[in-house]
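On a predicted model such as this, the values are computed, not experimentally measured, just so you know. What you see below is based on every heavy atom in this structure, not just the backbone, and it leaves out hydrogens, waters and symmetry mates. The chain is numbered in sequence order, starting from 1.
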Amino acid sequence: MPTMPIEIGIDEKSRKAIAEGLSRLLADTYTLYLTTHNFHWNVTGPMFQTLHTMFEEQYTELALAVDEIAERIRTLGYAAPGTYSQYAKLTSIEEPDGVPPAKEMIQQLVQAQEAVVRTARSLFPIVEKANDEPTADLITQRMQIHEKTAWMLRSLLEG
C-alpha cells in the first residue's frame, strides 16, 4: 500500500535538504549528549559536585533535544539517523580521548556546544528559503540553549 504524499507546503527537494541538515544537527547533539554524560560519570577534583550536577542537567536536556530533532526529520518524511556509525559519519564534534581533567572537560564542552550552534546556524538559509517556520523555531531554540550553555561553561574557566 503506497504511503500518502506529504503536502505541507514544502517541496520534496527542500524537505530532503532540511532533513539532511537536521540529521547533522542530530548527530552533533547526540555526540554532545554522550560526551556530557561521559564527563558526568568521570569528572573528579575540587569542582566535582558542581560539575557533576551541571553535566547531569545538560545531558538530560540534550536527551530531550535529540527526540525533538529526530521527530522533525520524521515529520518531513525522512528516516532519522539512529546508530553510532551514522552519528560518527555525520557529526562535526570530535569524541574525547580518555578522561581529561575537569578544566579540559569544560573546554571540550564549550567547543562542542559551539559546534552544535554552527551546525544549526548553517541550516537557516535552506529553512528560510522553504518557509519552514517549525524547523526555524526548533533550530533557533537549539542555538539559544547551546549559546547560553557555552557561556555558562566558559564562565567557569575565568579567574
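Residue pairs meeting the side chain to side chain donor-acceptor pair (under 3.5 Å) criterion with at least one member in residues 13-26, sequence neighbours excluded, are D11-S14. The stretch residues 92-103 participates, sequence neighbours left out, in these side chain to side chain donor-acceptor pair (under 3.5 Å) pairs: D28-S92.
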Enumerate, atom names and distances included, each donor-acceptor pair closer than 3.5 Å involving a side-chain atom of residues 121-130, sequence neighbours excluded.
| from | atom 1 | to | atom 2 | distance (Å) |
| --- | --- | --- | --- | --- |
| R121 | NH2 | E147 | OE2 | 2.6 |
| S122 | OG | T119 | O | 2.6 |

Step-by-step ring pair (Phe, Tyr, Trp, His ring centres under 6.0 Å) determination, F55 to H37
CA-CA 7 Å; F55 294 163; H37 210 150; over 10 Å; no
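By the side-chain hydrogen bond (donor to acceptor under 3.5 Å, both in side chains) test, T53 pairs with Q49, sequence neighbours left out. In this structure, the salt bridge (charged side-chain N to carboxylate O under 4.0 Å, His left out) partners of R154, at least two apart in sequence or on a different chain, are E114. The side chain to side chain contact (heavy atoms under 4.5 Å, CB included) test applied to D67 returns E71, not counting sequence neighbours.
Residues M143 and L25 are members of one and the same hydrophobic cluster, defined by side-chain heavy-atom contacts under 4.5 angstrom among Ile, Leu, Val, Met, Phe, Trp and Tyr. In the hydrophobic clustering of this structure, F39 groups with M47; members are Ile, Leu, Val, Met, Phe, Trp, Tyr whose side-chain heavy atoms approach within less than 4.5 Å, directly or through other members.
A ring-centre distance under 6.0 Å is not found for Y84 and Y87.
There is no side-chain donor-acceptor pair under 3.5 Å between Q111 and Q107.
A heavy-atom distance below 4.5 Å is not found between the side chains of L32 and Q58. The closest side-chain heavy-atom distance from Q113 to W151 is not below 4.5 Å.
Each of L138, L64, I139 was scored for a side chain to side chain contact (heavy atoms under 4.5 Å, CB included) with I69, with one residue passing: L138.
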